[in-house]
Structures are given as C-alpha cells and as structure tokens.
Amino acid sequence: MRPERGAAVSAGRLPVLLLLPVQAALMVGVGLLVTGPLSGLWPLAAEDGVNRALAAHRGGPATPLSEWLSLLAGTQSVIALTLLAVVTLVAVSRGRWLREALFPAVAVAAQSAVFLLVTLVVERPRPDVPHLDAAPPTSSFPSGHVGASVALFGSLAILVAVRLRGTRRWVRYAAIAVLLLIPVAVACSRVYRGMHHPSDVVGGLLNGTCTLLVVTHALLLPARPRAVGATHGERLPCARATDEDGAVDAVRGRRVVVVRHPHGCGGELAERVRVILRRHGYADQVWTATSAEAPAGALAPLVAEADTGLVVACGGDGTVRACADVVSGTGIALAVVPCGTGNLLARNLRLPSDPAAALEAALSGGTARIDVGRVRGDGLEPARFTVMAGAGFDAAMVGDASERVKEHLGWAAYVLSAVRHLGDPRMRLSVRLDGGPVHERRARMVVIGNVGTLQGGLPLLPDARPDSGRLEVVLLDPRGARGWLAAAGHLGSRMLPGRATRTPGGPRGPRGAVAGGALEYFSAVRVDISFVKPQPRELDGDVVGSGTRLTAEVEPGALRICLPPRPRAAEVSAAPAEQAPFTVGG
C-alpha cells in the first residue's frame, strides 16, 4: 500500500505559516507596552514585589524541583527531546506519520524564531533578585524556556489526543494533562529562580500557544482537509477554461490522468471517455492501466507532478478505492466512471449507471469533499476505502465469487456466492468505539461503512453519509432461518416509500439492535475490532487477507470528487428516494 502523502497534503496549508511574522509583530507590541507605558500600572507595578517575596522564601524541595524543570526546558534538553520525538514517531509509524513527526520540530523551531525576533526589539532586564541560573544575554521578555516548553510538550499533547485514541480514555487524558502541566510548572520555576518577571512567563505561554495554533493549522489540519475556497459540503466548479466565445478550451497547465481497468473499460468505452474529456477541456490526457500488482496503475508518480488537475477512475469500486487512496488529501479531484461489478460508490453518489453518462454528468457539475475511511490491521498495511470495510460473511462471499460468473451476471454473482456461506460459523469479536469501553459480541458479519446502500437500493447502513464525518457499523447475527428472514424483512422494509431510515440511538456510540437482535448498529469516528480467530477481511469488494484485527478511522472531507449539477428543488421533491441525487450537506 502507499504511504501517506504528507508533503502534498500539507502544501496547501503551509501559507498559514506566514502568520508567524504577524505573531512576532504582536509580541513585540506587547513587549513594548510591558516595558513602556504599562510598566508603572498594576499588576506590572507589583511584579518586583512578587520576585522579592519568592527569593526571600526559597528552600526545601522547591529549589531542586525548579532546577530540574529549568533544565528540562533548557535549549539543549528541548533540542534533544524534539529529535527523540521525531525519531520515535517515524520509527513507530514506519514512516507513515511524517506530518506528525515534523509537527513538534516545526513548532519548536517556529517558536524560537519568533522569540529571537522579539528579543531583538524588546529589551527588559532580569528581575533585581539573586538568580539561581546563569542569565543568558537575551531580554527577559518573553521567557524562552516557557515558550519552548509550550511548543514541545503542547505539540506532544496534541499528538497524544490525535494518535492515541485507541488507548483507554483515562490514560490518554492523564498523558495530555501531564504534558500540558509541564509548561505551567516551568513558568513557575523560572519566576521562582529569579530569571523572569511573571509577565515574562505569561508572554512565553502566549508565544508558545500562538505558535502551536499556527503550526497545527499548517501541518495537522490537512488530515481533515477542506476544499480551497470552500468548506466541507460546498461545491466547487470543475477547473475549466473558456475562450471569448464561451467554448470550452483546454485546461492550460492542468492535465487529467485516466486510470483504466482493462476488463471493465473496453476500447469502445475508453474512446468515449477520451472524447468527453476533450469536450470538457481536458486535452492533455495521460492514461495508465491497472493490474493485480498496481491497482491504481502508475497514478502515484503522476499525481506527484504539479500539473495534474483531475484523476478519472474507469473501473469498479476496487479501482476507485485504489485511486482514492492516492489522491485523498491532495485536493486533486476524482471523477468516477462506474464500469465494475458493484459500483457502490457511484450508486450512493447517485451517479448515472451508464459509465459515459456518469462522466458527462460529473464534469458538468462541480466538486465536493466527501469522507474516506482509513483502515489497518495485522498483516494489513494502512489503506483507504470509500464504501465499506468488512469481515466474516461478506468478505467470504466476495472472495468466493467467481470472476467468470461476475463477468456474465454482474453483482448477482455475489448472491450465488452468499448462498454457499449462509451456514458459516459465527465469529467471536469485540468492538471498541472512539477508545471507549469494549463491547463483546458474536456475529456472522461486521461491516464498517462510509456509505450505506447496497445494490438494488438495499439500505444496509441507513445512517451512513459520505459527508457525516463518522463511520457507521453493523453487526449481522441472525439465528437460523427465522433470523435471516427477520434481517431481510427489516432491511427490505426500509426500501418502502415513506419509511423512516434512521436507526435508534444518538449520533455516536451504540445505536441499538433491531430485527430481533439480527442486526446491531454502532456509530463512531474510530472503530477497533478484534476477532478471537482470524477472519477474512475485505475493502470495497477486494479481499485483503484474514486477520484478527481491523481498525477503521474516518478522514473527513479527504476526497474531492466530481458530482453532477445540483437538481432544482422541485426535481428533488418529485423524485423517488432511490433516485434522488446525492447532494453534499443536503
């Protein structure tokens, strides 16, 4: 599988680092006020008394503790701890968390740069009390020790909150609290040791916090990207150029990469795709074929080139998933030409079933951000999915479906395969939602969905939406023929006109069991599933091998996808539910 495209994702956010000079200017302004017109006013006028009182009452364990805290936040210690954090994050993630690894290093470096700029302008002497540390030649305002500790330990606290959501909640909260308390303790130690006035350490806390906000926005927020010039759920027009007569011209400086499944997209359809793309201004086309070893063809190196503006996936859900895995987070739009067996993403996005018509409609509309799921597990490298991930009955059904039968019968081949696995044994598994308590269950199948409708409009996950910012989970556990009938009847009844599609429960956590316990629903941002015995697993209709663990986490708005034009309100109200066009945020 492909590593995360951290550099490409972050590039769109890096201009926010230009706020650092603005931050430095503001800190200079605060420093000049502290040392100038406000110095004789309370509470600044009382600071000397605070320093003298602390100096007069030094002693006991406070002195060695303050010394240890000052050493912890010293320049050499901060550099060493930052390098250790970077190396550890790279090693633990095997190079997949490059943005996270850079985060503490950039935060510390940015804070130090602002600190040095401020001290070049603001000159404030150290407190007039005995100093327990050697006084550096820099200004007392702001405190460099405090700013550095906020940048380092604050960034680590943010990473704990982001990357340790699978641990026990109290452990995560305790780690975050300790990391956030360290800069406060460093601030107290610097005042205690006579190295800073109270307002100096407040300035250090302010400098470090502002730096964290800027760097977090630049490096971490792209993990939940938004479209440039739009928010999650808003449409953006497809990038096209027109001449003076209004005719569509070639997209200058932009090209389209077409990923073609050789069996799903034959020569006739490929030619139709070429013509449609040229008509919409995409004259510069690069085509690449998929294979078992390269399910997205040579897309990855092509996307890395700056002039790629659109990717077209010509194939089934497996081809779309492979392409989405590459382009998610890059801001490059993806257009789907559904010519596979299931085409579930296209169905859930209400694209036309005809491949050429789907491309025509998508390029005639705009783009919107949808979520993707990211999974990992034992023997499974991190990968993204756009439709569903599952284990048990559905994975066995997918893996046992004959390619020859699929070629002749389409998705009906899965039905024939499913019949052979109706008697498969139940699984023993545990489910953990967002790092919460573990739910022990037995089931024949577990499905984690980004979208929820199967072939024929069957609403397996009625609450799943590709722009909800969460994943929906269903456990299928029918007992005997009566259980299978109850599950089928419940799902089938949801297809009737006028039936409510919401499942019981709140927006997070367990939603409840229905159909006599044959179906149980959950909802979460992160789902951790463990199996007592290895179970077959699948991603978007592709078998990915058996294992005992499956962890899925949503990446909100990570994929920019081309959608047909929004329908008029009258058309939406008049259309049957199964034909109503998908509108993000609607």
Side-chain angles (χ1 to χ4, degrees), residues 20 23-36 38-39 43-55 58 62-63 65-82 104 107-157 179-215:
L20 291 174
Q23 175 186 331
L26 292 175
M27 290 298 302
V28 167
V30 172
L32 293 178
L33 289 174
V34 168
T35 57
L38 300 183
S39 60
L44 297 177
E47 287 190 315
D48 289 338
V50 173
N51 286 108
R52 287 193 294 269
L54 288 174
R58 291 171 181 160
T63 299
L65 177 60
S66 67
E67 181 180 9
W68 181 83
L69 288 169
S70 286
L71 288 174
L72 181 65
T75 301
Q76 294 181 346
S77 299
V78 168
I79 293 175
L81 290 173
T82 301
V108 170
Q111 181 280 146
S112 300
V114 173
F115 164 75
L116 291 174
L117 287 173
V118 175
T119 56
L120 290 177
V121 180
V122 179
E123 296 183 4
R124 191 182 197 188
R126 304 281 171 175
D128 189 18
V129 295
H131 302 156
L132 297 185
D133 294 325
T138 55
S139 169
S140 182
F141 181 92
S143 171
H145 281 64
V146 173
S149 64
V150 171
L152 174 58
F153 298 106
S155 63
L156 295 179
L179 289 169
L180 293 180
L181 285 174
I182 290 177
V184 178
V186 170
C188 295
S189 73
R190 298 302 287 169
V191 176
Y192 176 87
R193 299 182 70 80
M195 304 309 299
H196 291 287
H197 306 88
S199 58
D200 299 334
V201 298
V202 172
L205 291 170
L206 179 63
N207 183 34
T209 301
C210 290
T211 303
L212 270 183
L213 291 175
V214 172
V215 178

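For reference, positions follow the sequence shown, starting with 1.
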Novice: If you take all heavy atoms of V28 and V118, which pair is closest and at what distance?
Specialist: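 Closest pair (atom of V28, atom of V118, distance): CG2-CA, 3.9 Å.
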Novice: Please determine whether side-chain hydrogen bond (donor to acceptor under 3.5 Å, both in side chains) holds for the pair R124 and S199, giving the CA-CA distance in whole Å, both sets of side-chain angles, and the decisive distance to 0.1 Å.
Specialist: CA-CA 11 Å; R124 191 182 197 188; S199 58; 2.6 Å; yes
Novice: Walk me through whether L26 and V30 qualify under side-chain contact (heavy atoms from CB on, under 4.5 Å).
Specialist: CA-CA 6 Å; L26 292 175; V30 172; 5.6 Å; no
Novice: Quick one: SG on C188 to NE2 on H196, what's the gap to the nearest 0.5 Å?
Specialist: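 That separation rounds to 13.0 Å.
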Novice: Nearest heavy-atom pair of N51 and P198: which atoms, and what distance?
Specialist: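 Closest approach of N51 to P198: OD1-CD, 3.8 Å.
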Novice: Looking only at non-hydrogen atoms, find the nearest pair between P142 and G203 and report the distance.
Specialist: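 Between these two residues, the closest heavy atoms are CB-C, 3.7 Å.
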Novice: Between OG of S66 and CG of L54, what distance do you get to the nearest 0.5 Å?
Specialist: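 That separation rounds to 10.5 Å.
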Novice: State, yes or no, whether a side-chain contact exists between S189 and M195 at a heavy-atom distance under 4.5 Å.
Specialist: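 The answer is no; the side chains never approach within 4.5 Å.
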Novice: Does the side chain of L132 come within less than 4.5 Å of E67's, by heavy atoms?
Specialist: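 No, their side chains stay 4.5 Å or more apart.
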Novice: Roughly how far, to the nearest 0.5 Å, is OG of S77 from CH2 of W68?
Specialist: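 W68 atom CH2 to S77 atom OG measures 9.5 Å (nearest 0.5 Å).
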Novice: CG of L212 to CZ of F153: how many Å apart, nearest 0.5 Å?
Specialist: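 Nearest 0.5 Å value for the CG-CZ distance: 12.0 Å.
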Novice: Compare all side-chain heavy atoms of H197 with those of D48 and state whether any distance is below 4.5 angstrom.
Specialist: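 Touching, per the 4.5 Å side-chain cut-off.
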Novice: Donor-acceptor pair, distance only, cut-off 3.5 Å: does the side chain of Q23 make one with the backbone of V114?
Specialist: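 No: the side chain of Q23 does not pair with the backbone of V114.
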Novice: Looking only at heavy atoms, which two atoms of L152 and P104 are closest? And how far apart?
Specialist: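 Result for this residue pair: CD1-CB, 4.5 Å.
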Novice: About how many Å separate CG of L156 and CG of L179, when rounded to the nearest 0.5 Å?
Specialist: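 Those atoms lie 6.0 Å apart.
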Novice: Let me see the working for V150 and Q111 under side-chain contact (heavy atoms from CB on, under 4.5 Å), right down to the final yes or no.
Specialist: CA-CA 9 Å; V150 171; Q111 181 280 146; over 6 Å; no
Novice: Is it true that D200 and S140 share a donor-acceptor pair across their side chains at a distance under 3.5 Å?
Specialist: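 Yes - a donor-acceptor pair under 3.5 Å links their side chains.
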Novice: Picking from R193, H145, R126, what satisfies side chain to side chain donor-acceptor pair (under 3.5 Å) with D133?
Specialist: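 Among R193, H145, R126, the one meeting side chain to side chain donor-acceptor pair (under 3.5 Å) with D133 is R193.
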Novice: So which heavy atom on A187 is nearest to which on V201, and how close?
Specialist: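 Shortest heavy-atom separation between A187 and V201 comes out as O-CG1, 3.6 Å.
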Novice: Search all heavy atoms of L180 against all heavy atoms of A157 and return the closest pair with its distance.
Specialist: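 Of all heavy-atom pairs spanning L180 and A157, the closest is CD2-CB, 3.8 Å.
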Novice: Can you tell me if S149 uses its side chain to pair, donor with acceptor, with the backbone of V146 under 3.5 Å?
Specialist: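 Yes; judged by distance alone, with no hydrogens or angles, the pair exists.
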Novice: Can you confirm whether the side chains of T35 and E123 place a donor and an acceptor under 3.5 Å from each other?
Specialist: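 Checked: T35/E123 side chains show no N/O donor-acceptor pair below 3.5 Å.
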Novice: Quick one: pull up OG1 in T119 and CE in M27 and give me the separation to the nearest 0.5 Å.
Specialist: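 The OG1 atom of T119 sits 10.5 Å away from the CE atom of M27.
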